[in-house]
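Notes to accompany the following structure.
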2 protein chains.
Amino acid sequence: MSGEDELGLRERKKLQTWRTIRAAALRLFNERGFEAVSVDDVAAAANVSRSTLFNYFSSKEALVFDPDPQETQAWRELMRDRPADEPLWTSLQEILIGYLSLMADRMAIQKRLKATSPTLAQSAHDSADRFNAELSDWVAARTPEARRVRATLLVNSARAVLVTAYAAWSPDEGFDRFLRLVRDCFAQAGRGFAADQS
Amino acid sequence: MSGEDELGLRERKKLQTWRTIRAAALRLFNERGFEAVSVDDVAAAANVSRSTLFNYFSSKEALVFDPDPQETQAWRELMRDRPADEPLWTSLQEILIGYLSLMADRMAIQKRLKATSPTLAQSAHDSADRFNAELSDWVAARTPEARRVRATLLVNSARAVLVTAYAAWSPDEGFDRFLRLVRDCFAQAGRGFAADQS
DNA sequence: GAAGAAACTTGGACTCAGTGCAAGGTTGAC
DNA sequence: GTCAACCTTGCACTGAGTCCAAGTTTCTTC
């Protein structure tokens, strides 16, 4: 999340515009609910035209879920930082925890918004998918062809862990509690499910 | 999937209309692609008004993914049929395989369509969610409060298994191959991931 | 089997998301 | 300072989804 200084004026303006729009969107959605606010409302509140808004965000839902432009860079660093000989399951855990920490401040709002709009709830997947794609690439690059399906299974299972912890967490409980849930579920999935007696 | 005979005329007509619309939709989408066909096209092809179409399907995507009205009944039977003392992980495997078998004929078309339209790919989750909700209810009813989070983890992991197998499968390969992938991934997740050396 | 209630269908008008384009304004490079 | 690349804007257009009032079909009851 460093270095927005050595950017040209043009780039800095873009970043600023992006953040202005996002901020306006989150504020309005939070006040009135997702459905009750139109894209034009958001554009107006951010002092940009409708067209410009759609230059930055590909859909109304993207206003809520798109990652900050500098965040995707941070993702890659999270992955690059894992030692090559670390077991994949451990790497996934640490990467995902890092990922969540980047969104820590947004998470509560997002979860609350999702509760109020079915449309949003649905397209939340999508945002997770983008990170997942990034993650899958990273995994694929470090896994030989023959173990590719297994590697995918691990990635998807890690996501299952996340989803489970997320569902069990309430936005009022604070972020630490959420991380504890994540670690716990990771441990359980690590041990496997076959041994359960019911 | 039995008993559409002891239905009244009204009910039988409804079922028939539903299936006519669905069939028309799948045919058109398959011929021209999802995006290239409008809802009006489908309505026209099914000899039904736009309004009626939306009475039966809540969205364009639903035309592809909604389960046949009689299918949801079959789901419940799948769940009811599992012995109460069977380990949950095993039950999940068998239920999901049964579920997939119900959709066996649609699956190849759906996967092909999904490949051609981003919108569709996204909302595929949604359809799976509906089954998942049903499944979660069943699991919750058979699991004491204290183990609820773990049960959710198992359900979500089972879904991860499915998603993995689905991704690794190609629609040309035939359904049996798909089932083999599912069983294999179930076994792997059953054994856990912690032991992996990388 | 006639009459009325309930459920289903229809067309049309409306809102809003998202696309495409052409014109005007801003930024950066030489 | 000039030119090219890039951003922003307004406007017109398509298509999804909602709402409603009026017409038609099925079910019920006597």
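Between A:Tyr99 and A:Trp75, the two ring planes are perpendicular [angle over 60°; tilted spans 30° to 60°]. The aromatic rings of A:Phe178 and A:Tyr166 lie perpendicular to each other, with more than 60° between the two planes, well past the 30° mark.
Salt bridge B:Asp129/B:Arg159: present, at least one basic N to carboxylate O contact under 4.0 Å.
Note: NZ (A:Lys14) to P (D:dA5) measures 16 Å, nearest angstrom. We find that CD of A:Glu35 is positioned 13 Å from P of D:dG17, with the value rounded to whole Å. Atom CH2 of A:Trp18 is separated from atom P of D:dC7 by 17 Å (rounded to the nearest Å). Separating the CG atom of B:Leu63 from the P atom of D:dA16 is a distance of 10 Å, rounded to the nearest angstrom. Summarising the geometry, the separation between CG on B:Leu120 and P on D:dA16 is reported as 12 Å, rounded to the nearest angstrom. Rounding to whole angstrom units, CZ of residue B:Phe57 and P of D:dG17 are separated by 13 Å.
Separating the CZ atom in A:Arg50 from the OG1 atom in A:Thr52 is a distance of 11.5 Å, to the nearest 0.5 Å. Atom CG of A:Leu63 sits about 9.0 Å away from atom OG of A:Ser58, to the nearest 0.5 Å. Annotation: the span from A:Leu78 atom CG to A:Arg76 atom CZ amounts to 11.5 Å, rounded to 0.5 Å. Note that the CG atom of B:Leu102 and the CD atom of B:Glu77 stand 9.5 Å from one another [nearest 0.5 Å].
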(message) Please encode protein proximity along nucleotides 22-30 of chain D as a string of B, S and -, counting only heavy-atom distances under 4.0 Å.
(response) ---SBS---
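Under a hydrophobic-cluster definition in which Ile, Leu, Val, Met, Phe, Trp and Tyr are linked whenever side-chain heavy atoms come within less than 4.5 Å, directly or via other members, B:Leu162 and B:Ile109 are assigned to different clusters.
As judged by a 4.0 angstrom heavy-atom cut-off over every strand, A:Tyr56 is placed among residues touching the sugar-phosphate backbone only.
For the pair B:Lys114 and B:Phe65, the cation-pi test (distance below 6.0 Å, angle within 45°) is failed.
Of all the residues in residues 45-53 of chain A, A:Val48, A:Ser49, A:Ser51, A:Thr52 reach under 4.0 Å from DNA chain D with at least one non-hydrogen atom.
First and last contacts of DNA chain C with chain A, using any nucleotide atom under 4.0 Å from a protein heavy atom and ordered 5' to 3', fall at C:dA17 to C:dG28.
Exactly one of B:Thr152, B:Leu154, B:Leu92 qualifies for a side-chain contact (heavy atoms from CB on, under 4.5 Å) with B:Val139. That residue is B:Leu92.
Side-chain atoms of B:Glu31 and B:Val37, non-hydrogen and from C-beta on, never get closer than 4.5 Å to each other.
Both A:Thr17 and B:Ser59 lie near DNA chain D, and the one whose nearest nucleotide falls closer to the 5' end is A:Thr17.
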